[in-house]
Amino acid sequence: MALLLSVLEQGLIYAIMALGVYITYKILDFPDLTVDGSFPMGAAIACILIVKGVSPILTLPICFAAGAFVGMLTGLIHVKLKVRDLLSGIIMMTALYTVNLRIAGKANLPIYNMPTIFDNGLVNSLFPGGLETYKTVAVILVITLATKFLLDWYMSTKSGFLLRAVGDNDSIVTSLGVDKGLVKIVGLSIANGLVTLGGCVFAQQQRFFDISSGTGTVVIGLASVIIGTSLFKKVTFLRVTTSVVIGSLLYKGCVAVAIRMGLSSSDLKLITAVLFLAILVLGMDRKKKVKTDADTK
């Protein structure tokens with residue numbers, strides 16, 4: 001049961017981040033490495049605010065706004081300064097390393113014995129006694145589902161349709177008299193807002209900020225997106241965002257099983273890389289097969 005709860009907690013937290021990666025990778029076709037810096041930024045902001053006595057609940061919108069600002073800067077570097085998409089993300093990721101250190105004041109900032117969104121008067125009163133074990137996963141589930149449904153709602157708006165159009169064919173957006181660069185900036189802002197929100201929740205669940213917590217975040221996000229969208233591509237009644245959430249859970253489940261089989265936790269990055277490579281190779285094989293079948297016909 002402890003293993004299952006751990007997988008659910010970690011999977012749902014990273015699902016919030018994966019929803020942001022879904023916007024950049026699947027919708028905008030933008031390889032945004034800002035994620036590796038914006039995720040720990042959410043953790044740094046959450047921890048320093050809690051240390052200073054700010055309500056843990058208020059850290060959620062604050063972190064989202066901070067991430068949206070960072071995403072906007074990445075978009076401005078790409079759109080206004082004409083820097084390539086990959087390099088724009090690398091520049092922001094590099095800059096955020098220092099920014100995160102300045103925010104937290106040090107490389108590791110614990111928040112033990114301090115109130116969090118999982119441990120406060122309201123939550124503790126809702127989960128008394130034996131239910132206390134499930135309070136963390138319940139709170140994360142509520143936040144993840146709220147994030148998913150809000151993103152679904154946004155995608156059904158005019159701005160959301162324009163965002164999808166930019167990724168599919170940006171000339172269509174230009175023909176409508178809309179600045180495609182502005183739409184990209186909005187998309188990157190929302191994406192990094194979600195990533196930073198994920199980092200905020202992660203820090204409060206782990207009860208500390210660590211400067212290295214963002215290393216490989218984009219790979220985890222990509223793996224979650226690819227697993228979800230590949231496995232449930234033909235399941236029409238599931239929204240893509242739901243597939244991404246499930247993909248994150250499956251990914252974390254695979255990692256947990258690998259560690260349970262005897263691999264050391266220090267091998268986590270290696271496990272992540274191997275899983276991601278396997279997912280990519282399987283995805284390429286399926287695409288080649290479909291293409292071959294089409295050429296034969």
Side-chain angles (χ1 to χ4, degrees), residues 11 13-39 42 67-68 70-75 77-79 83-93 96 144 147-148 151-152 154-155 159-170 173 180-181 183-199 214-233 238-252 272-273 275-284 286-287:
I13 290 174
Y14 278 103
I16 301 172
M17 176 273 297
L19 288 171
V21 175
Y22 161 70
I23 293 175
T24 55
Y25 175 69
K26 278 290 184 180
I27 296 179
L28 291 177
D29 193 23
F30 191 106
D32 186 21
L33 293 182
T34 309
V35 170
D36 276 15
S38 56
F39 186 82
V70 167
M72 182 188 72
L73 292 180
T74 302
I77 292 173
H78 172 62
V79 174
V83 177
R84 292 181 62 181
D85 48 14
L86 183 62
L87 292 177
S88 301
I90 291 173
I91 290 168
M92 281 307 302
M93 176 187 69
L96 284 174
T144 304
T147 304
K148 177 203 133 35
L151 183 58
D152 287 338
Y154 172 74
M155 286 301 175
S159 179
F161 281 119
L162 287 173
L163 186 64
R164 283 187 281 186
V166 165
D168 292 333
N169 190 344
D170 55 13
V173 177
K180 65 181 181 181
V183 177
K184 282 186 178 182
I185 292 172
V186 170
L188 287 167
S189 295
I190 295 172
N192 281 281
L194 293 175
V195 171
T196 308
L197 178 62
T215 306
T217 301
V218 68
V219 175
I220 297 173
L222 286 172
S224 301
V225 171
I226 293 172
I227 289 173
T229 54
S230 298
L231 290 179
F232 302 101
K233 188 175 184 180
L238 280 182
R239 287 182 176 270
V240 181
T241 50
T242 305
S243 300
V244 171
V245 172
I246 297 173
S248 178
L249 290 169
L250 290 174
Y251 168 78
K252 278 298 173 181
T272 299
L275 275 175
F276 188 51
L277 178 61
I279 293 161
L280 286 176
V281 171
L282 289 173
M284 286 189 294
R286 290 179 65 181
K287 287 181 180 179

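These values consider heavy atoms only, across backbone and side chains, with no hydrogens, waters or symmetry-generated copies. These figures come from a predicted structure and were not determined experimentally.
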Here the gap from L33 atom CG to D85 atom CG, rounded to the nearest 0.5 Å, amounts to 9.5 Å
Hey, what do you get for CD1 (I226) to OH (Y25), rounding to the nearest 0.5 Å? 4.0 Å
To the nearest 0.5 Å, what is the distance between CD1 (I90) and CE (M93)? 6.0 Å
On a heavy-atom basis, which atom in T24 and which in A191 lie closest, and how many Å separate them? CG2-CB, 3.5 Å
Looking at F39 and V195, what are the two nearest heavy atoms and their distance? CD1-O, 3.5 Å
Spell out, as yes or no, whether a donor-acceptor pair under 3.5 Å connects the side chain of D36 to the backbone of T217. yes
When you measure from the side chain of S248 to the backbone of G11, do you find a donor-acceptor pair of N or O atoms at a distance under 3.5 Å? yes
Would you compute the distance between atom OH of Y14 and atom CG of L19 and round it to the nearest 0.5 angstrom? 14.5 Å
Taking the side chain as every heavy atom from C-beta outward, state whether M17 and I220 have any atom pair closer than 4.5 Å. yes
Residue pair G187 / I23: nearest heavy atoms and the distance that separates them: O-CG2, 3.7 Å
Do the ring planes of H78 and F30 sit parallel (below 30°), tilted (30 to 60°) or perpendicular (above 60°)? perpendicular
Got a second to check how far T74's OG1 is from L96's CG, nearest 0.5 Å? 7.5 Å
Taking every heavy atom of V21 against every heavy atom of G221, the minimum-distance pair comes out as CG1-C, 3.9 Å
To the nearest 0.5 Å, what is the distance between CE on M155 and CD1 on I27? 3.0 Å
To check you understand the geometry: which heavy-atom pair defines the closest contact between L188 and D32, and what is its length? CD2-OD2, 3.8 Å
List the steps and the verdict of side chain to side chain donor-acceptor pair (under 3.5 Å) for T34 and N192. CA-CA 8 Å; T34 309; N192 281 281; 4.7 Å; no
Are there over 12 heavy-atom neighbours, none belonging to R239, within less than 6.0 Å of that residue's CZ? no
If we only count heavy atoms from C-beta on, is the V186 to I190 side-chain gap below 4.5 Å? yes
Do the non-hydrogen side-chain atoms of Y154 and L163 ever get within less than 4.5 Å of each other? yes
Set out, in order, the CA-CA distance, both residues' side-chain angles and the distance that settles side-chain contact (heavy atoms from CB on, under 4.5 Å) for Y22 and L194, then state yes or no. CA-CA 10 Å; Y22 161 70; L194 293 175; over 6 Å; no
side-chain contact (heavy atoms from CB on, under 4.5 Å) for V70 and T196? Distances and angles first, verdict last. CA-CA 9 Å; V70 167; T196 308; 5.9 Å; no
